[in-house]
Amino acid sequence: MFASFSALPARGRGPAGLAAATLVSGLVAAGVLAGAGTAAADGTPQSQGGATATIGGLKTYGAAVVHTDSGDLEVSAGLFEMEVEGGGMLQTYCVDLHTPTQKDARYHETPWSGTSLGSNKDAGRIRWILQNSYPQVNDLAALAEKAGVRGGLTEQDAAAGTQVAIWRHSDDADVDAVDPQAEQLADYLEKSARDLAEPEASLTLDPPAVSGRPGERLGPVTVHTNADGVTLTPPADAATSGVRIVDANGRAVTSAADGSQVFFEVPEDAAAGTAELTVQASTTVPVGRAFTSESRSQTQILAGSSESTVSATASATWAGTGAIPALSAVRNCAEGGLDITVANAGDEAFAFDLMGAGYGIAAGESRTVTVPLPEDQAYDFTIKAPSGFKKRFTGVLDCRTQGAGGGESTQTLGEPSPATAGGAPTGTNLAETGGSGVTPLIAGIALALVVTGGATLLVIRRKDTPVQD
């Protein structure tokens, strides 16, 4: 089923505000502020659970040269370090060469489908490189022997060579390491790489949103994790609302394991409302997991993890009668947008309008609305229902590499500050493995775009799995 609605006709195209009879949302797309680039305050980024971390910059790196139509650009290539919220450290490589790194950007563990890796046939080869090179292989003498590097490898050589090999697969980049030993390692890794499957998430909850009536157990919500166990934190107002987190037998639970199913038990006399469950664990994040930022900062892929804190949330919505929606969202880079799943566990159809076109989600039915979004621009919209339910979605869609998305980027300068090389134009460089000097730069400009005019498509599809009460 398709419906047309307004959008900007030129660069920066995106969905319009959605006016609905019983489902209302407004969309504001905002450009990136140079040097900041944060998502809208108080919003909920589309994280499906796992680790959340702040990037600290390059820690172990060497030099590489990117060959472009405009000349050769020397860049810093190597390992980034991230500090995990709640404890832990991550090491990552970049998989988005021509995008700058925003210092202190906040990142979330993300499925490949929410990044450029989802449509990259070589994504599995990148994971092989990560598992068979530095820092997963920290015996540099053995790594040098495998790669045929006679002069040996320093940590800087190993990090630079690994990053160069990754860029050749992630960005299809014409790039070489400056150091001969690092270049030889890059060649070995690029040619030896084999396809591997995407790693499982460190922690997710499925589904992340449920709905039903008071007096019922809403769910189940299934825990998926590589941790030995997780801690369950009940809703903040559980003592007054009476909402409990229970297992299938109705026993209150405060911990769970991989595969466990938990429920929201809502008192029969509860007024219409919502509640949220928080799940937390300590584990190592699997190598090869992608990390995307809340701002316009280059996508990263995990190379190493200490024992780290991971978390996920699930929400429940209930009402006595009428339509009872449960909403969740994930980025869909294959479709260039955000998949918003609307499940109706009520006893009436959930009817809404999209710019004059009417839609209805029958009782017990679930559908997914794919909202097309502009590449590399912040989105911020809220979906509301008459019962008082509302959910806000914020973030930045970053699905393409090679400087796609309007040809603009934010240049973030910090150490190291790489020099230009070869025939690079004067004053152009890449800072911290990001930000092509070939593209124009945004400097101190904030764009606030209320999406109007033009036309685009909204895709609505039925999910195969039924709503579970």
Side-chain angles (χ1 to χ4, degrees), residues 50-51 58-64 75-82 89-97 109-112 115-118 120-202 226 283-291 298-308 401 433:
L58 280 167
K59 296 301 179 182
T60 307
Y61 58 92
V75 303
S76 298
L79 273 172
F80 285 86
E81 191 171 273
M82 292 191 188
M89 298 298 296
L90 306 177
Q91 290 177 305
T92 62
Y93 287 106
C94 159
V95 289
D96 193 0
L97 171 59
E109 186 179 339
T110 305
W112 287 0
T115 74
S116 60
L117 296 172
N120 186 339
K121 62 181 178 58
D122 291 330
R125 296 178 186 272
I126 295 172
R127 187 186 178 196
W128 185 95
I129 291 171
L130 293 166
Q131 291 187 333
N132 289 273
S133 190
Y134 181 78
Q136 287 300 304
V137 178
N138 56 19
D139 185 341
L140 297 183
L143 183 59
E145 184 178 354
K146 279 189 176 182
V149 180
R150 292 186 178 181
L153 292 167
T154 65
E155 290 183 343
Q156 291 75 20
D157 292 337
T162 304
Q163 178 65 91
V164 166
I166 289 172
W167 279 335
R168 292 173 182 174
H169 287 297
S170 66
D171 292 71
D172 195 25
D174 184 2
V175 57
D176 299 308
V178 171
D179 184 271
Q181 284 80 12
E183 172 64 13
Q184 195 168 351
L185 174 63
D187 288 342
Y188 159 74
L189 293 172
E190 179 190 8
K191 295 171 183 176
S192 301
R194 300 292 181 267
D195 191 43
L196 296 180
E198 178 180 2
E200 296 293 331
S202 61
N226 67 342
T283 187
T284 55
V285 182
V287 170
R289 290 296 290 170
F291 279 79
Q298 64 186 196
T299 303
Q300 303 282 313
I301 192 164
L302 189 73
S305 169
S306 70
E307 190 80 5
S308 299
T401 59
T433 68

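Here the structure is a predicted model, which means the values were calculated and not measured.
A salt bridge is absent between D172 and K121: the closest approach of a Lys/Arg side-chain nitrogen to an acidic carboxylate oxygen does not fall below 4.0 angstrom. Under a 4.0 Å N-O distance rule, the pair R125/E190 does not qualify as a salt bridge. For D122 and R127, the salt-bridge test fails: no basic side-chain N is under 4.0 Å from an acidic carboxylate O.
Remark: side-chain polar atoms of S305 are paired, donor with acceptor, to backbone N or O of V285 under 3.5 angstrom. Counting only distance, with no hydrogens or angles, the side chain of W112 and the backbone of G124 share no donor-acceptor pair below 3.5 Å. Put simply, the side chain of E109 gets close to the backbone of S202: a donor and an acceptor are under 3.5 Å apart. Side-chain atoms of Q163 come within 3.5 Å of backbone atoms of C94 as a donor-acceptor pair (strictly under, hydrogens ignored). For Q156 (side chain) and Y61 (main-chain N/O), no donor-acceptor pair under 3.5 Å exists by modelled atom type.
Contact check for Y93 versus V164: no side-chain heavy atoms found under the 4.5 Å cut-off. Considering only heavy atoms from C-beta on, H169 comes within 4.5 Å of I126 through its side chain. Counting heavy atoms from C-beta on, the side chains of T92 and L79 never come closer than 4.5 Å. Looking only at side-chain heavy atoms (C-beta outward), E81 and L90 stay at 4.5 Å or farther from each other. Taking the side chain as every heavy atom from C-beta outward, L185 and D157 never approach each other to under 4.5 Å.
For residues 130-141, the pairs satisfying side chain to side chain donor-acceptor pair (under 3.5 Å) are S133-T162, with sequence neighbours left out.
Taking N226 as the reference, T283 meet the side chain to side chain donor-acceptor pair (under 3.5 Å) condition, with sequence neighbours excluded.
Rounded to the nearest 0.5 Å, atoms CG (L189) and CG (L143) are 6.5 Å apart.
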